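Heads up, the thing below is written out as structure tokens.
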Amino acid sequence: MKPLNIEARPDPHAATELMFLPLHRSVSAAIIADMNHTGHGRVCGGCGKPFNAARKQREVGRITQFAGGSIVSTTFIVCGRCGAELRRNGGHPPAAMVQEAKEARRAAELLYLSARGRA
């Protein structure tokens, strides 16, 4: 298997190709690097607390939904405590994560409808 080489870009959005690859170790590391580069990886997606020397970025979680003819993937970086909580809950994200993913889906639907001239 060929090694995965993905670079962080100065784009304000995360790299779209990363959002659809399976979450293997190299893909997760590339997502974390890309989100840190764009400024989206400063706080934990579970508890909302900022990352620091004690609270490190440990895992990547993703909620993928279908919205208005396109796929919307919401990615979260979580700390070790929240990652352990996600594993204890059988991989089911907390309500705050699900709500944020639903809001992203609604925003994508609005963009999709306005692009087609229906909004």
Side-chain angles (χ1 to χ4, degrees):
M1 187 160 101
K2 204 163 96 160
L4 182 65
N5 294 323
I6 299 174
E7 296 180 12
R9 300 177 300 193
D11 185 8
H13 305 290
T16 54
E17 65 270 11
L18 291 175
M19 296 302 126
F20 301 106
L21 294 172
L23 285 177
H24 296 296
R25 184 177 303 229
S26 59
V27 175
S28 295
I31 288 173
I32 288 173
D34 191 56
M35 290 181 78
N36 286 336
H37 182 70
T38 58
H40 295 289
R42 290 187 215 139
V43 297
C44 175
C47 61
K49 295 178 182 175
F51 292 115
N52 54 28
R55 187 179 301 104
K56 295 181 176 70
Q57 299 171 330
R58 297 289 184 189
E59 298 180 31
V60 174
R62 182 186 297 156
I63 298 174
T64 304
Q65 302 171 346
F66 182 75
S70 62
I71 297 173
V72 178
S73 180
T74 308
T75 304
F76 301 94
I77 301 175
V78 295
C79 64
R81 184 176 147 256
C82 293
E85 185 178 331
L86 280 169
R87 285 191 301 277
R88 275 194 303 272
N89 291 337
H92 300 290
M97 281 185 181
V98 174
Q99 181 62 33
E100 188 172 338
K102 285 181 182 178
E103 290 172 6
R105 188 191 77 219
R106 285 189 204 112
E109 287 174 347
L110 288 173
L111 285 172
Y112 180 75
L113 290 176
S114 65
R116 294 191 61 185
R118 294 191 201 164

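Since this is a predicted model, take the numbers as computed values, not measurements. Positions are given from 1 along the sequence.
Between Pro50 and Arg42, the closest side-chain pair of non-hydrogen atoms is not below 4.5 Å. Side-chain contact between Pro94 and Leu86: present, with at least one pair of heavy atoms (C-beta onward) separated by less than 4.5 Å. Counting heavy atoms from C-beta outward, Phe76 and Glu59 have side chains that stay 4.5 Å or more apart. Contact check for Thr74 versus Arg62: no side-chain heavy atoms found under the 4.5 Å cut-off. Contact check for Cys44 versus Ile77: no side-chain heavy atoms found under the 4.5 Å cut-off.
Annotation for Arg55 and Cys79: closest pair CG-CB, 3.5 Å, computed over non-hydrogen atoms. Residues Gly80 and Arg58 come closest through the heavy atom pair N-CG, 3.2 Å. Of all heavy-atom pairs spanning Cys82 and Val78, the tightest one is CB-CB, 4.0 Å.
Atom NE2 of residue His92 and atom CD1 of residue Ile63 lie 11.5 Å apart, to the nearest 0.5 angstrom.
Proximity of a side-chain donor or acceptor of Gln57 to a complementary backbone N or O of Gly41 within less than 3.5 Å is detected. In this structure a side-chain-to-backbone donor-acceptor pair under 3.5 Å is missing from Arg105 to Gln65.
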